[in-house]
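Just so you know, ligand 1 is whichever comes first in the structure, and atom 1 is the first atom listed for that ligand.
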Amino acid sequence: MTASLSIRDLTVYYKTPLGLVQVLDGLTADFDQGETVAVVGESGSGKSTMGFAITRLLPPTGVVEGSILFEGQDLVSMPQKKLRDVRGTGIFMVMQDPFSSLNPVKKVGLQLLEAVQIRMERRGEHFDYESASKEVLKRLYDVKLPDPAIIMTKYPYQLSGGQIQRVVIAMGLLLEPKIIIADEPTSALDVSIQAQVIALLKELQQQYGMTLIFITHDLAVANVVSDKVLILYAGRLMEFGDKRDIIQKPMHPYTQGLLKSFPSGSYREKELYSLPGMPPSFFSLPVGCKFSDRCPYAFDRCFKEEPGILDVEGRTVRCFLYGGARKNRVA
Ligand SMILES: Nc1ncnc2c1ncn2[C@@H]1O[C@H](COP(=O)(O)OP(=O)(O)O)[C@@H](O)[C@H]1O
Ligand code: SF4
Ligand SMILES: [Mg+2]
């Protein structure tokens, strides 16, 4: 399978009044065409930063190093003008706050028609209002919105968060991107409709063969949507591999900790468990392994040296318990 996105040594800093703070460190990963990768980690682990770095939507204080190859072109060094051609029709991002994805002063129908127009213009095709309207209605129907013709006449503020997120997904479909990045797309929505929106995204991803990068803090949601799971902690890739392997036999102690809060049944029945302790501040990271102050298996070396990335049994893991000198190996 060909990689639809290749990230190499992706490092992101933010300029802050207290100086430069590094929040992603040497992230390297390949995302294959048509697969769903869940990016999982607690709040503050760098998930959104990764999404915004890929779409080049970081604030002006963000500084990016490394490379992000999409269709053979490096998005990191790509000029803004060219990036505009990639954004939307190449890579589309569904934001956490559904309302931030739409223009508040334009009717939903007009914004969706504009999406069709953008796609057609980029492909050198002729835009025809009537057939574009039919296409918009069909996509609103695909995302299971009742009364699509009425929805088209509404302003975003006249719709609920769940309806808006469906409109945003419809917009993504109209742009026909190769990759959709969904950043906690349901966390601002009512619990009762979260599962529906997740199921919808997954269904559409399969139908259209898109690559879906699904960002979530919840491993149970990752289990529902993904083919692969990438675990982030303190801006580092800690584990990356097939979902089944990771859920059934997590290697990294952080993944094991996250899995303790994994429910036995549906993710709505989640137990009230959370990992002891807090992720470290990016201003005062531990010297060695960034998980060392919370890790039940930490030993001397972990406090002095940071482990590198290793390929073990078909997955990637960053932990001294694997490969080379092992101690207290986790079963
Ligand atoms: N614009 C910014 N300026 C400075 N620090 C930021 C900025 N945006 C995010 N951060 C910091 O970067 C870290 C990672 O944030 P984020 O990528 O939003 O994590 P996540 O999405 O996993 O919750 C956090 O410590 C956050 O405070
Ligand atoms: S390197 Fe050490 S501290 Fe870090 S996760 Fe592995 S055992 Fe724990
Ligand atoms: Mg986030």
Side-chain angles (χ1 to χ4, degrees), residues 10-25 27 38-64 93-97 100 181-188 213-219 221-222 230-239 250-259 275-310 312 316-331:
L10 180 65
T11 298
V12 177
Y13 306 85
Y14 288 112
K15 292 176 198 155
T16 77
L18 298 173
L20 264 191
V21 58
Q22 184 185 342
V23 299
L24 272 190
D25 184 270
L27 188 71
V39 176
V40 184
E42 288 163 290
S43 177
S45 52
K47 306 181 299 297
S48 296
T49 299
M50 176 184 159
F52 289 133
I54 296 170
T55 45
R56 291 278 310 271
L57 289 171
L58 283 170
T61 52
V63 180
V64 182
M93 187 155 177
V94 180
M95 313 269 189
Q96 190 161 357
D97 170 14
S100 63
I181 300 179
D183 185 4
E184 311 226 29
T186 62
S187 59
I213 300 177
F214 193 100
I215 295 173
T216 174
H217 61 273
D218 192 340
L219 206 45
V221 172
L230 189 160
I231 306 282
L232 265 190
Y233 185 80
R236 270 91 176 148
L237 182 155
M238 290 303 193
E239 189 162 3
M251 284 183 165
H252 199 283
Y254 179 53
T255 319
Q256 292 172 1
L258 289 176
L259 263 162
L275 266 168
M278 298 268 289
S281 156
F282 282 98
F283 285 103
S284 54
L285 289 176
V287 175
C289 172
K290 305 309 170 224
F291 189 58
S292 56
D293 55 348
R294 299 171 82 188
C295 179
Y297 305 101
F299 56 101
D300 289 355
R301 189 180 177 192
C302 308
F303 298 103
K304 296 180 191 139
E305 222 184 294
E306 180 162 18
I309 286 291
L310 276 178
V312 187
T316 310
V317 63
R318 185 196 288 276
C319 173
F320 287 134
L321 297 175
Y322 302 96
R326 294 173 194 175
K327 196 166 175 178
N328 302 335
R329 191 179 155 90
V330 186

Under 4.0 Å from ligand 1, counting heavy atoms only: the protein residues, by chain and number: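 Close residues (ligand 1, cut-off 4.0 Å): Y14, T16, V23, E42, S43, G44, S45, G46, K47, S48, T49, P59, F282.
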What closest approach, in Å, do [X] and [Y] show between heavy atoms, and which atom pair accounts for it?
X: L285; Y: P280; result: CD2-CG, 3.7 Å
X: V312; Y: M251; result: CG1-CE, 3.7 Å
X: L259; Y: P250; result: CD1-CG, 3.2 Å
X: V39; Y: I213; result: CG2-CG2, 3.8 Å
X: Q22; Y: D25; result: NE2-OD2, 2.5 Å
X: L58; Y: T49; result: CD2-O, 3.9 Å

Sole residue of S292, C289, C295 in side chain to side chain contact (heavy atoms under 4.5 Å, CB included) with P253: C295
Y254 and R236: CA distance, side-chain angles, deciding distance, side-chain hydrogen bond (donor to acceptor under 3.5 Å, both in side chains) verdict: CA-CA 12 Å; Y254 179 53; R236 270 91 176 148; over 6 Å; no
N, O or S atoms of the protein lying under 2.8 Å from atom 6 (Fe) of ligand 2: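 The answer is C319 SG.
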Separation of T255 OG1 from I231 CD1 (nearest 0.5 Å):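 So the gap between those two atoms works out to 4.5 Å.
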